[in-house]
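Inspection log for the structure reproduced underneath, given as structure tokens.
Every chain is numbered from 1, with letters handed out A, B, ... down the list of sequences. What you see is a predicted model; the values in this text were computed from it and never measured.
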Amino acid sequence: MSGTTNSEELAPVYDPKALERRIYARWEERGYFHEEPDPARPAYVICMPPPNVTGRAHLGHGSTYTPMDVMTRYHRMLGDNAVWLPGLDHAAIATEAVLLKEMAREGLTREALGRPAYLERAWAWARTYGGTIDAQFATLGFGPDWARKRFTMDDGLSAAVRKVFVQLYREGLIYRGKRLVNWDPKGQTTVSDAEVDHVEREATLWHVRYPGQDGGEGIVVATTRPETILADVAIAVHPQDERYRALIGTKVLVPPLRERAIPVIADEAVDRGFGTGAVKVTPAHDATDYEIGLRHGLPAPSVIDLQARITDAEIGAGPYAGLDRFEARSRIVEDLRVAGLLAAQEAYRHAVSVSERTGDVIEPLLSEQWFCRMTPLAKPALDAYREGRLRFVPERHGRTYEAWLENIRDWNVSRQVWWGHQIPAWYTPDGSIVVAETEEEARAIALRDHGGAELVRDTDTLDTWFSSGIWPFSILGWPQHSTELACWYPSQVLMTGGDIIFLWVARMVMLGIHFMGEVPFPDVFVAPTVFDAQGRKMSKSLGNAIDPMDLVERYGADAFRIGILRQMRIESQEIRFHESRCDEARKFANKIWNAVRYALALAEGLPAPLVLPENARLTIADRWILTRLHDTIVEFSRLLDGYDFGNATESIVRFFWYELCDWYLEATKEPGNAATRASVLSFALNNALRLLHPIAPFVSEELWLALPHDGATIMTATWPDPLEVPVDRDAAALFAMVQATVERLRNERAENGIADRVRAAIGVPAGKADWRGLADLVLHFAWGNPAQGDRSGDTPAEFLAGFAVRADPAAHAARLHKEAARLRGEVARAEKNLANPQFVAKAAEDVVAKEREKLQGYRTELARAESALAAMKEHR
RNA sequence: GGGCGGUUAGCUCAGUGGGAGAGCGCUUCCUUGACACGGAAGAGGUCAUAAGUUCAAUCCUUAUACCGCCCACCA
């Protein structure tokens, strides 16, 4: 634990590649990521959103997973029982798509292979590719407790899924029924409402005439889906629509076949203003129509099958049977035209339902499926939000969460894919349903209730989001009463992208409250979506996708992390990702690398870690940087607590680079500051590196170990405590004055083109010996022939104001004129304000006082500038 | 159709009811005991537009325009 200084010298140039791999291996080897539940300490738990088994690291992980790593590392250093729980999702539809494609190349189908062989193959595939993303995460420096990694299809998690299903079924919250569902023909499965995208597309609105059965004109309806005409069971008009009142109750013939007659009915759901004001009713293929059908007791024949082809299995489809839905559409339109039944057609832009996963156009179909009743589950989830037990950052996501839950509909949970949790439901020969956690239990129930143990299992699997919905407790061993479950449920925050608030977050809240009695996390942090620099979505097809692994290769993981964190704005819904930010971050790492090299090379050597000289010996510069360190610790911690990663990163970079390096480190080169510099510099660097560690874990570790330090790794070093950093506001203000003076002198020097480096001695007024340090500091920073000035004054400010650069008089005068003009403007503004009785009467007292002070200051400065100008004239 | 966010320097974005900021880019200068992957100085903005509230508006309110996100069963 002694202050061992690394004897090896750091290389002059920071090379992340060499050190990141080595450091990560050591962390893992020594088990630093691992944590055991400890009720004695505050828990800090983050459940990692399990990436898909098919997944690869992408920039989205940068904005959602980096913050999780940051927060876990931060809280570990705070001394919390901090753990980041990793996992992997079986991603049913995505994985099955990959597998089927792979099998197709071998001429294989799922059915030909059979379920057991297929699942074996799927497992083998999952085992082979499931670890890829973990290695990528490690490359990014992510440190979850790998030993606790869970897969949604693990035995334990699968048992939990079955238990949840069975319990919900027995509580009447899961049921089986024939409903209109979203059928994805390409994926050959149903998908939930939340997995359907609405995409605006150009389409055609056809006006189709349905001739009257009595030989009359009949009625014209507008439709975008002529192929479903075949399954029409009625024409609906608004009950108050005068145009059609006479037709209500009559019958019209379904074109183009004209083999069936259907009634004209009245329903309030019809919008008189749209199209012709008459709508065809096709209950089996449209949600609105389904509702109308229910209200009027209409039949609901299907005319489209699971392959999205026209079928005559339930109703006559004439020559169209067997055609693909889109082919049937054009054929029917053509036949209508020929028959003179196409009254009109117009271009029409509308939203088409598309499967989020496969992109295929969703076919609403009537189908026997499993559903989860949502209203009873949504109520407590809404209450949790409204009562503040669940909070969103940024808050606006809470309002969309609320709106979604208020209008939630039952969740179709069964899928027709094979890769997933097979629904624990069995059917007796007479069709009775038996739901049980195991087959044995199911047989026992069947024997008891149905007089026989002959059972056939439901072939469907559960929606992937069903198993991830119970993730926060299933991974902790539920339903077993584990120590992990006791200590680590609920977790502290869920961090994710906005795209899965409904799919995942809301369901975790509902199921977490239902099964565990409390919300799974009090905070939900929603990261912005990452776009390219032009604001376009990153996609392979656009060719604008950036592989984070490439960025790590070029800039290092730390630079990637800093680069993306720095672009995160808490209220922003997007990040326009600029790779240049990673390059800057690499330069930043190089900068602090060299700052540490400088410290290590100090002739006097560095003392034991975190030991400061006695207070009286501290210089102005020391006091300033320590005060700034104190403030940075407070600010940085506060920003992290508020998930404001952009500003947090900004603040630590600013401190490190623009204050510690540009000013303090330079100040230590001034001889008057040499006595205390080693310990103060070591102290400041040590603290700043610890602040930096959560966001740039590798370089902070390497440099911290190179400096005097306590402990084996920065990962478990304590978080900087502002109370241990001495603060001296007066000294800090004095140093700020020195900075302002230096900046003024540098400006004068640059504008006068003075490049020579004459270091002048400067006198200090009698009795002001303690100003010697200020003068020396100014000279050190701004040496460039400072000679003029009165070198007097009663205050440091006046003394410093006397510094000037010996310059070309004309240039100096021009500068003074410019300065005087600016000051006159400020004086006028302040005077006008103060002369306004309304201002003095109504503005806050401190504002008025401050305004007077400012005015005073401006007047003093102006007077000085004017007298300087006058002096110049006299001089001539 | 409903809801929400954004509009500040060439670019990406902070910020505040009272003296417009950062980084990058640009111009100029500088190898000074860590760093040229560096240091210094500078130019550049009527804070989208209009009205209102206020002693005072880039900031609060309303409207408009443009950009974007989410939700939605008008066929």
Side-chain angles (χ1 to χ4, degrees), chain A residues 10 12-14 180 198 205 221-225 228 236 269-276 278-282 286-292 348 350-351 353 364 394 396-397 399-400 403-404 407 498-499 501-502 528-529 531 533 535 555 566-567 569 571-578 580-581 583-584 586-603 646-647 650 653-654 658 661-662 665-666 668-669 742-743 746-751 753-755 757 780-784 825-826 829-830 833 836-844 847-848 850-851 854 857-858:
Chain A
L10 294 172
V13 173
Y14 159 70
L180 202 66
H198 301 278
L205 190 61
V221 308
T223 180
T224 54
R225 301 206 56 196
T228 64
V270 178
D271 176 356
R272 276 172 281 187
F274 186 88
T276 63
V279 58
K280 60 197 256 347
V281 180
T282 323
D286 184 276
T288 310
D289 295 4
Y290 184 73
E291 299 295 324
I292 295 176
Y348 180 57
H350 74 140
S353 297
R396 65 192 140 82
H397 291 292
R399 293 190 289 273
T400 55
W404 190 72
N407 302 304
D499 52 337
I501 291 175
F502 308 137
T529 314
F531 293 93
Y555 308 108
R566 209 169 171 187
Q567 295 179 70
R569 298 300 160 186
E571 284 299 331
S572 180
Q573 62 192 10
E574 66 173 43
I575 294 175
R576 295 198 172 191
F577 186 79
H578 285 253
S580 59
R581 294 304 223 155
D583 194 39
E584 287 165 33
R586 185 178 53 88
K587 290 173 177 169
F588 167 69
N590 186 63
K591 184 77 182 175
I592 62 174
W593 180 272
N594 278 289
V596 170
R597 280 183 68 219
Y598 170 80
L600 291 173
L602 287 178
N647 285 321
E650 206 65 44
V653 168
R654 188 184 308 125
Y658 307 111
C661 289
D662 285 353
L665 196 143
E666 281 308 317
T668 66
K669 295 175 184 172
V742 166
E743 276 161 5
R746 282 169 171 170
N747 171 271
E748 287 180 22
R749 201 181 75 194
E751 291 199 344
I754 296 170
R757 309 193 149 280
H780 172 75
F781 278 104
W783 58 336
E826 295 291 2
R829 190 194 53 75
N833 248 349
N836 180 353
Q838 302 272 34
F839 172 73
V840 181
K842 294 194 178 177
V847 170
V848 178
K850 198 178 158 200
E851 195 67 19
K854 283 194 300 192
Y858 292 139

Do side-chain atoms of E666(A) reach the backbone of F781(A) as a donor and acceptor pair under 3.5 angstrom?
no
Whole-angstrom distance between [N] and [M], as gauged at atom [atom1]:
N: A40(B); M: C35(B); atom1: C1'; value: 15 Å
N: G52(B); M: G17(B); atom1: C1'; value: 16 Å
N: G5(B); M: C11(B); atom1: P; value: 25 Å
N: A36(B); M: U31(B); atom1: P; value: 15 Å
N: G23(B); M: A63(B); atom1: C1'; value: 35 Å
N: A57(B); M: A50(B); atom1: C1'; value: 14 Å
N: A48(B); M: U58(B); atom1: C1'; value: 11 Å
N: C73(B); M: C67(B); atom1: C1'; value: 29 Å

List the steps and the verdict of side-chain contact (heavy atoms from CB on, under 4.5 Å) for R597(A) and L600(A).
CA-CA 5 Å; R597(A) 280 183 68 219; L600(A) 291 173; 5.7 Å; no
Inspect the contact between [Y] and [X] and indicate whether a charged nitrogen and a carboxylate oxygen are less than 4.0 angstrom apart.
X: E571(A); Y: R569(A); result: no
X: E743(A); Y: R746(A); result: no
X: K587(A); Y: E584(A); result: no

Are [X] and [Y] side-chain neighbours, meaning at least one heavy-atom pair lies under 4.5 Å?
X: D289(A); Y: V281(A); result: yes
X: R829(A); Y: E851(A); result: yes
X: E291(A); Y: L180(A); result: no

Across the strands shown, which category fits [X] at heavy-atom distances under 4.0 angstrom: base, sugar-phosphate, nothing?
X: E743(A); result: sugar-phosphate
X: Y658(A); result: sugar-phosphate
X: A601(A); result: nothing
X: A589(A); result: nothing
X: V653(A); result: nothing
X: L665(A); result: base
X: N647(A); result: sugar-phosphate

Note: K669(A) and H780(A) closest approach over all heavy atoms is CB-CE1, 3.7 Å
At their closest point, which heavy atom of A595(A) faces which heavy atom of C661(A), and how far apart are they?
CB-SG, 3.7 Å
Determine whether a donor-acceptor pair (one donor, one acceptor, N or O, separation below 3.5 Å) exists between the side chain of R399(A) and the base of C4(B).
no
For the pair made of [atom1] in [X] and [atom2] in [N], what is the distance, rounded to whole Å?
X: R569(A); N: G21(B); atom1: CZ; atom2: C1'; answer: 12 Å
X: R749(A); N: G39(B); atom1: CZ; atom2: C1'; answer: 10 Å
X: K842(A); N: U53(B); atom1: NZ; atom2: C1'; answer: 12 Å
X: R654(A); N: G23(B); atom1: CZ; atom2: P; answer: 9 Å
X: K587(A); N: G25(B); atom1: NZ; atom2: C1'; answer: 11 Å
X: E666(A); N: U32(B); atom1: CD; atom2: P; answer: 13 Å
X: N594(A); N: C35(B); atom1: CG; atom2: C1'; answer: 4 Å
X: D662(A); N: U32(B); atom1: CG; atom2: C1'; answer: 14 Å

For [N] and [X] - does any side-chain N or O of the residue sit under 4.0 Å from the phosphate oxygens OP1/OP2?
X: K669(A); N: G33(B); answer: no
X: R581(A); N: G23(B); answer: no
X: K591(A); N: G39(B); answer: yes

Side chain of [X] (C-beta onward), nearest among [options]:
X: E584(A); options: C37(B), C24(B), C55(B); value: C24(B)
X: R746(A); options: C24(B), A40(B), G42(B); value: A40(B)
X: R586(A); options: C55(B), G23(B), C37(B); value: C37(B)
X: Y858(A); options: C55(B), U12(B), G19(B); value: G19(B)

If you find the nucleotide of RNA chain B closest to E650(A) and the one closest to V840(A), which residue's nucleotide is nearer the 5' end?
E650(A)
Nucleotide by nucleotide, 5' to 3', does protein get under 4.0 Å of the base (B), only the sugar-phosphate (S), or neither (-) in nucleotides 67-75 of chain B, counting heavy atoms?
-BS-SBBBB
Base-pair map of RNA chain B as dot-bracket, where | denotes pairing with a different strand and pairs are Watson-Crick or G-U under 3.5 Å:
(((((((..((((....[..)))).(((((.......))))).....(((((..]....))))))))))))....
How would you list, by chain and number, every residue that makes a side-chain contact (heavy atoms from CB on, under 4.5 Å) with R225(A), sequence neighbours excluded?
T223(A), E227(A), T228(A), I304(A), R329(A), E363(A), P364(A)
How about NZ on K850(A), more than 12 heavy atoms from neighbouring residues, nucleotides or ligands closer than 6.0 Å, or not?
no
